[in-house]
Amino acid sequence: MEWETVIGLEVHVQLSTKSKIFSGASTTFGAEPNTQACAVDLALPGTLPVLNEEAVKSAIKFGLAVNAEICRESVFDRKNYFYPDLPKGYQTSQMDAPIVGAGVLDIQLSDGSSKQVRIHHAHLEEDAGKSLHEGSFDLHGHGMSGIDLNRAGTPLIEIVSEPDMRSAEEAVAYLKKIHSIVTYLGISDGDMSQGSLRCDANVSVRLKGDDTLGTRTETKNLNSFRFIERAIQVETQRQIDVLEDGGKITQETRLYDSERNETRPMRSKEEANDYRYFPCPDLLPVAVDDALIEQLRNNLPELPDSKRTRFENDYGLSVYDADILTAERSIADYFEQTAAAADDAKLAANWITSELMGRLNKEGLAFNQTPVSAAQLGGLIQRIRDNTISGKIAKQVFEALWNGEGSDADAVIEAKGLKQVSDSGELEKMVDDVLAANPDQVEQFQSADDKKRKKMLGFFVGQIMKASQGQANPGMVNQLLNEKLGG
Amino acid sequence: MAVSPSDIEKIAHLARIRIAPDQIDAVADRISDILAMVDQMQAVDTDNVSPMANPHDAVQRLRKDEVSELNQRDRFQTLAPRAEDGLYLVPKVIE
Amino acid sequence: MHTLSLRELADGLAKARFSSEELTRHFLARIAAHNPALNAYITVLEEQALAGARAADKQRSSGDVHPLTGVPFAHKDIFCTEGVRTSCGSKMLDNFIAPYNATVVEKMAAAGMINLGKTNMDEFAMGSSNETSFYGPVRNPWDTNCVPGGSSGGSAAAVAAGLAPAATGTDTGGSIRQPSALCNLTGLKPTYGRVSRYGMIAFASSLDQAGPMARTAEDAALMLQVMAGFDEKDSTSIDCTVPDYSASLNNSLKGKVIGVPSEFFAEGLSDAVASRTRAALSEYEKMGAVLKDISLPHSHLSIPCYYVIAPAEASTNLSRYDGVRYGHRCDNPLDLADLYTRTREEGFGDEVKRRILVGTYALSAGFYDAYYRKAQRIRRLIKNDFTEAFKSVDIIAGPTSPSPAFALGEKVDDPLTMYLEDMYTIAVNLAGVPALSIPAGMVDNKPIGLQLIGRDFAEADILNAAHQFQLQTDWHKQFAPAFA
């Protein structure tokens, strides 16, 4: 039997506003517990919500970026349920009239193809607080959970896709695209390790060719690209196993356990919930007019898709390089600055995708944590281009810059004496010395045919580079050897 | 509309209010009476009437994105039935 | 001093006939003497009030002050008052010391008024007799075997018995007007959005409004002047200019059209109240106003509509009382479910639980459209009734409540009968328009009220009409005999 996986994602993106969606408390991550939970966030009796303008604008920007209809009068609803991290006993969210309507997103797959994923809608809502369980804080052994409400009220947009994805790879590509759009727009820091971007995956399977959807499960707690990929894979396999054993899929909420690499039903959500959505009477409909939409549209930054096309066309980059270099706005900006400083886009692209990203990856650093600035890297590439240093020496210079051993490439080259020897007199002497020290090889060379000679030339070049500690200008060395050996 | 004792158990659960078993029937009767009174609404044709959530049909005012609230944790937590290390304590939350 | 109006007290302070401290001591002494019989106050703020009074006297002696500086009053215990228990009449908040001030509390304090204490009320403002309070029932100063009305029953009794010259109240379905009627006061529910709801503990968010309860329209105007105004902390607060309410009190009513809805004189109204109300209305004719028969055809739907919308909103407004961050928490919860269900079982009284259950039901899957959505549509029909009527009349008038004060215990076990108490007041909250109740005479030696309803934001119009009535009549000057 051949199975097909059907995936829809609900992506929660924390907006990087200064204050919360309905209160003036700070949203800074990592503060001491409950120090950023104000009277409104704690749902003290009598407190009321007032909507943050920036949250509304952020949601509209996202809507414009995915070509969605913006709702002219969106409504906040109360989603009612009891949970200790939900101080009001309801989450203020949007149900019937979300601010962002249907839109579309193009995703790029590893085989070079692209695919369109439809977005059902995106709505504004508030985040909940956090429950800390035994072990994660000092509970003095009384077996209770601790509630931290700093996160309560942080603005979120929840982006709900149609069930358009057919593999874990597509789901990850979709999520990466969402990530790049929201970071390009500057509406979220997209930091998954801090929960700025989280995802629930609705997964079902059906026999290939079936046009009805199978029963789906919702897997929660997916906060890294890798976990999402793995969770979808194991959940898909679990469902296939159940069905092939003649069983049935239960519609339920499941939790991904990354340590065991498995999904399991969430105990707290076992019972069918009745959220009793209704329009929040403390908030009024959010009116959005054409003027605001146009103003936001006109100020949208260049988005990943158009940037990628431009990188391919203007810089002559490969699809692959353009894809990598536009994945994040900070990478794209870094590339463009480096290319300008280096006056060579292709070399800049190569250095960023191989040397810099390789090193960052090895150190486990995010791109924006690079210790080598675009200006430094661009300056380094300049010195390769003008033959001040060879590509090999350049790696040493890069290493020095990474370690903060010099303000720029020139300073490192100067301090370490890495400048390429291009002085013809000096080089000529080196060539003469090497030839004099290897009379047998010279004789062999002179009696050899062209093909052999080419090979042997490499030997002499190697000796000279060794003698010069890699600093001899290889082009000039070749030229001199040819002259001296009469090649 | 009459509600049964099992309906009452269901909504009491949604509302997280414990009702003593010997009171459920009485509560169901009371609530049924209220719902029967409320059902007078059903006689009115409202097909062409749009729902009204706010008496002025006003729209939402937006707040500037500014941090205006300072940390008052210690003050707020003097109100807490149980707090420790800056956290509100509750019986173990099971996910 | 306790029979003087706010205006007279303000004049007395301005002319230094007495100090704020003397005045405050006088009221505190009366509270000490009479509150045990009435149970009007939940919390008396003796030291705080005296300190405030001394500060007010100092301020007054050193320059320009607000006219009401140093004038005492009482707050319904629904307004969060920093450092003071704010119980909302519930066991759930019996231990809740508010860490912040409601906007209304801030405004009264900014005017220099002296808060004598927090008055008793129906639990979470749910009731029409003040019998649902965790702190016990309040008695009506006109007849201590009777209820004062509710939910602002403590405020009404306190002012009627001279334990405060005025008080704040809140009105979700009649909670200012009905107790004002039953205790011979002038009580005003402003237009929805006129007074900030920030810090006023929510019952039904789209209906709740705070307003003044006083002896005269003039006093109500003075109080409203302090309470009203846009507040950026309340999204439903309306940003529109607050007029000088005292300035228009003396406008002539000649030629004004007063609409009298036939539905307000139909089944359910006692004959005595009907004839007394008609007699009061005829006063307006003497003043040159024109009475006009009108119809508010959807009036009969206001109680059904209200008893969906108010409980639905309340059911979720009261979800925050979960025993986690403040308020009552049951002993030794076994688990999370036990913490919630037992805390809420113990913390809420019967009427509150009933309304939470009704509201939960009305919002639950499968019933939402038939109840909540339906009620919202009916609400628009009710609002449209008023909009239509105000095209041809300036004010709408009728009885405030169907009968005078009833005996304690008479209706408490019969919610549906109790709900009828508000049959003339509820439509006003659903429509959001302003309305007040003024003393309109006696039935069985107990006061009744005349209700005046105005256009949106036309509080000045109804205060003007109320004041003109009070220039012609002296019902409002009658004081509960046992407390004079």
Side-chain angles (χ1 to χ4, degrees), chain A residues 22-24 34 37-52 75-92 95-96 129 131 142-149 152 267-268 270-286, chain C residues 78-80 86 88 92-93 96 98-103 124 196-202 204-208 231-237 309 312-313 315-327 333 336-337 339-341 344 359-368 372-373 376:
Chain A
F22 298 122
S23 83
N34 290 308
C38 72
V40 173
D41 306 326
L42 293 175
L44 290 186
T47 55
L48 295 170
V50 185
L51 181 58
N52 185 336
V75 174
F76 280 98
D77 298 292
R78 291 183 180 175
K79 178 184 183 180
N80 294 284
Y81 64 97
F82 284 86
Y83 212 66
D85 64 12
L86 192 70
K88 295 189 293 292
Y90 56 83
Q91 180 192 28
T92 307
M95 180 66 175
D96 285 339
S131 306
H142 46 43
M144 301 188 89
S145 290
I147 307 297
D148 174 8
L149 297 171
R267 276 183 282 176
S268 60
E270 265 172 331
E271 49 189 296
N273 262 312
D274 181 348
Y275 291 124
R276 288 158 285 135
Y277 279 98
F278 81 111
C280 178
D282 288 326
L283 291 162
L284 302 170
V286 183
Chain C
I78 198 169
F79 295 99
C80 284
T86 300
C88 221
M92 190 61 93
L93 292 176
F96 178 67
Y100 75 103
N101 277 330
T103 298
F124 284 103
S196 169
R197 294 188 298 114
Y198 191 78
M200 179 180 122
I201 298 178
S205 308
S206 76
L207 301 162
D208 295 344
D231 181 10
E232 58 183 23
K233 290 181 188 152
D234 174 2
S235 295
T236 61
S237 164
I309 289 177
E313 292 182 6
S315 72
T316 93
N317 279 337
L318 271 60
S319 292
R320 64 188 59 196
Y321 306 109
D322 58 6
V324 176
R325 297 163 314 284
Y326 51 80
L336 207 49
L339 168 71
Y340 287 145
T341 56
R344 290 163 64 80
T360 302
Y361 187 79
L363 292 175
S364 64
F367 300 102
Y368 179 80
Y372 192 73
R373 293 283 274 189
Q376 282 196 318

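Scope of the values below: all heavy atoms of this structure, side chains included, with no hydrogens, waters or symmetry mates. Each chain gets a letter, A, B and so on, in the order its sequence line appears, and its residues count up from 1.
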With a 4.5 Å limit on heavy-atom distance, are the side chains of [X] and [Y] in contact?
X         : Y         : answer
Thr316(C) : Phe278(A) : yes
Leu51(A)  : Ser235(C) : no
Asn317(C) : Asp282(A) : yes
Tyr83(A)  : Asp322(C) : no

Where [X] and [Y] come nearest, the two heavy atoms and their spacing:
X         : Y         : value
Phe96(C)  : Leu44(A)  : CE1-CD2, 4.5 Å
Tyr100(C) : Pro45(A)  : OH-O, 2.6 Å
Ala43(A)  : Arg325(C) : CB-NH2, 4.3 Å
Asp274(A) : Ala365(C) : OD2-N, 2.8 Å
Gly46(A)  : Arg320(C) : N-NH1, 4.4 Å

Using a cut-off of under 4.5 Å for heavy-atom pairs, which of Pro84(A), Gly89(A), Pro49(A), Ala39(A) has the most such pairs with chain C?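 Highest number of pairs under 4.5 Å: Pro84(A).
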
Heavy-atom proximity to chain A below 4.5 Å, by part of [X]:
X         : value
Arg373(C) : neither
Leu339(C) : neither
Leu93(C)  : side chain

What residue in Gly323(C), Ser315(C), Ser319(C) has the most heavy-atom pairs under 4.5 Å with chain A?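 Counting heavy-atom pairs under 4.5 Å, the top option is Ser319(C).
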
Can you tell which of Pro99(C), Ser206(C), Gly199(C), Ala312(C) has the highest number of heavy-atom pairs within less than 4.5 Å of chain A?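 Option with the greatest count: Gly199(C).
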
If you round to the nearest 0.5 Å, how far is [atom2] of [Y] from [atom1] of [X]?
X         : Y         : atom1 : atom2 : answer
Thr47(A)  : Ile201(C) : OG1   : CD1   : 10.0 Å
Asn80(A)  : Thr360(C) : CG    : OG1   : 8.0 Å
Ser205(C) : Arg78(A)  : OG    : CZ    : 5.0 Å

Which residues pass the ring-ring contact (aromatic ring centres under 6.0 Å, His included) test with Phe124(C), sequence neighbours left out?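 For Phe124(C) the ring-ring contact (aromatic ring centres under 6.0 Å, His included) partners, ignoring immediate neighbours, are Tyr321(C), Phe348(C).
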
Part of Tyr90(A) within contact of chain C (heavy atom distance under 4.5 Å):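 For Tyr90(A), the side chain is the part near chain C, not the backbone.
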
Working note: Arg276(A) + Tyr368(C), criterion side-chain contact (heavy atoms from CB on, under 4.5 Å); need CA distance, chi angles, decisive distance, verdict. CA-CA 8 Å; Arg276(A) 288 158 285 135; Tyr368(C) 179 80; over 6 Å; no

